[in-house]
Amino acid sequence: MSNSFEKNWTNYNNGYPLFDNEVSRYISVAPSKNQYRLSRKPFYCFVHFGMNTATGREWGAGVETVSDFNIKKIKPEQWVNTVKAAGASGIILTCKHHDGFCLWPTEYSSFSVKYTDYKGDIVKEVSDACRNGGIDFGVYLSPWDMHEPTYGTPDYNDYFCNQLTELLTNYGEINEVWFDGAKGTGAREFEYDWDRYYKLIRTLQPDANIAVCGPDIRWVGNEAGKTRKSEFSVVPAYLRDTESVSKNSQHDEKDAAKLQRLKSTDDDLGSRAVLSKNAYLCWYPAEVDVSIRKGWFWSKNENKTVKSSRKLFNIYLNSVGNNCTLLLNVPPTSKGVIYSKDVRVLKGLGKKINEMTENPILVERLGQLTKNDGFIDFEFDSLKKLKYVIISEDIRLSQRVEAFDIYIKKLNGKYKKAASKTIIGSKKIIKLRSKKCIGARLVIRQSRGTPAISEIGFYE
Ligand code: FUL
């Protein structure tokens with residue numbers, strides 16, 4: 001690595017101040033300990049499984065009975081092995097979806113696995129399998145409940161907290177709690193006591209991140225695996241307002257297609273123009289939740305809709321490789337296993353993720369740059385076919401880089417621009433088409449204060 005200062009980026013910074021009070025305000029916002037840990041394990045899987053798996057529905061209708069749950073056994077070790085083969089580091093299980101059916105023998109309702117022919121506690125089996133397999137376990141507990149009679153009365157807050165307490169005390173360490181904003185249009189009006197839920201989680205599982213209708217992890221805003229060009233983690237604090245998350249969520253079983261589109265109004269959540277208008281800011285990184293299939297629950301009619309490994313890998317590049325975390329849904333069948341086709345493509349995904357970094361050309365840890373670091377040049381020891389550049393900021397010092405370019409150095413010593421991008425954040429993966437080169441150059445065009453690049457890696 002060497003620096004050449006022909007054109008110092010600090011002179012330009014695209015016309016924006018490199019340092020001023022506003023910049024200090026933005027970069028004073030950094031991840032919590034839990035959010036930082038999450039950024040180091042950015043890929044994990046959703047497991048939608050429950051009453052809908054048995055009835056072949058997406059939402060249920062609120063009229064199901066325990067006898068409709070005719071599933072006899074599950075093989076959670078197979079789920080864990082599959083998730084690991086895909087390269088993911090954890091599972092979030094739908095312990096209760098909107099239909100209200102509980103996968104654990106809750107004391108507070110008779111609408112649970114306890115009153116079916118299933119012998120056992122599904123939450124326990126899955127959390128044990130995760131622990132034995134060395135991966136994280138998280139819970140999804142739907143706030144909206146079509147079945148519970150107290151829903152719509154203040155008693156429901158007690159019911160919900162009682163259930164949370166069971167889940168957060170009886171199943172070991174819980175890595176993430178996922179609160180869905182979805183609610184049917186005809187559902188009873190109800191004000192959830194979010195603050196009470198959060199307090200309970202912080203007390204019982206202080207290391208858990210609370211996602212979506214929660215303060216730690218932001219819903220990316222669609223369920224199609226799409227992300228914004230610039231996915232900022234420092235955003236206005238009002239985005240954590242759970243009611244606005246809920247308004248933008250699914251309101252009908254058939255809504256899924258609508259959520260495939262990103263709303264253009266949501267496009268810019270964290271540029272200087274946006275932040276400057278907001279007195280309160282927060283660290284709120286985006287999570288991309290997307291299903292391997294058309295629906296969230298398994299249905300044999302949707303076996304044809306399983307996404308290819310290639311498609312999943314592209315989603316991975318656009319999420320994990322674009323400063324987001326990826327929550328990929330892999331729904332088991334009514335036989336309690338992940339379907340063979342899904343297993344195949346997940347293995348393919350894991351292979352592609354591994355291959356990406358299998359042949360490193362050069363990996364450097366840069367740390368905090370100084371005002372004098374302009375272009376940073378990297379020399380390779382021979383002619384290489386550059387395929388990936390992976391850059392990470394040290395986000396403990398916030399998200400700083402707003403624009404950068406990658407140049408490649410050709411055999412004749414000339415530089416050619418290979419990529420021009422905006423943000424970096426916790427990880428930016430740049431895919432190139434096996435560019436022949438003997439070196440590369442990183443040019444940071446715009447930053448909030450001096451950038452802190454924890455690592456840059458070049459791979460063949
Ligand atoms: C949505 C729900 O309505 C879907 O059924 C699914 O659970 C998805 C992850 O969130 O809002």
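Whatever order the structure lists them in is the order used to number ligands and atoms, beginning at 1.
E166 places a side-chain N or O within donor-acceptor distance of the main-chain N or O of E107, the cut-off being under 3.5 Å. Between the side chain of T94 and the backbone N or O of H97 there is no donor-acceptor pair closer than 3.5 Å.
The shortest separation from a heavy atom of F297 to ligand 1 is not under 4.0 Å, leaving the residue out of contact.
Contact annotation for D289 and ligand 1: only side-chain heavy atoms (C-beta onward) come within less than 4.0 Å of the ligand.
Checked options N329, D342, N303; the residue passing with W298 is N303 (criterion: side-chain hydrogen bond (donor to acceptor under 3.5 Å, both in side chains)).
Using a 4.0 Å cut-off to heavy atoms of H48, the atoms of ligand 1 that qualify are 6 (C), 7 (O), 9 (C). Residue contact check: E223 has heavy atoms under 4.0 Å from atoms 1 (C), 8 (C), 10 (O), 11 (O) of ligand 1. Ligand 1 places these atoms under 4.0 Å from at least one heavy atom of F46: 9 (C).
Close N/O approach between W296 and ligand 1 is not found [any backbone or side-chain N/O within under 3.5 Å]. Considering backbone and side-chain atoms alike, W178 places every N or O at 3.5 Å or more from each N or O of ligand 1.
Close placement of the F160 and F179 rings is indicated, their centers lying within 6.0 Å of each other. Proximity of the aromatic rings of F49 and W79 is defined here by a centroid distance below 6.0 angstrom, and this criterion is met.
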Notebook entry, point to check: Which is it for T357 and Y388 under the side chain to side chain contact (heavy atoms under 4.5 Å, CB included) test, yes or no, and what are the steps along the way?
Noted result: CA-CA 8 Å; T357 53; Y388 293 101; over 6 Å; no
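Counting heavy atoms only, H97 comes closest to atom 5 (O) of ligand 1 of the residues R57, H97, E58.
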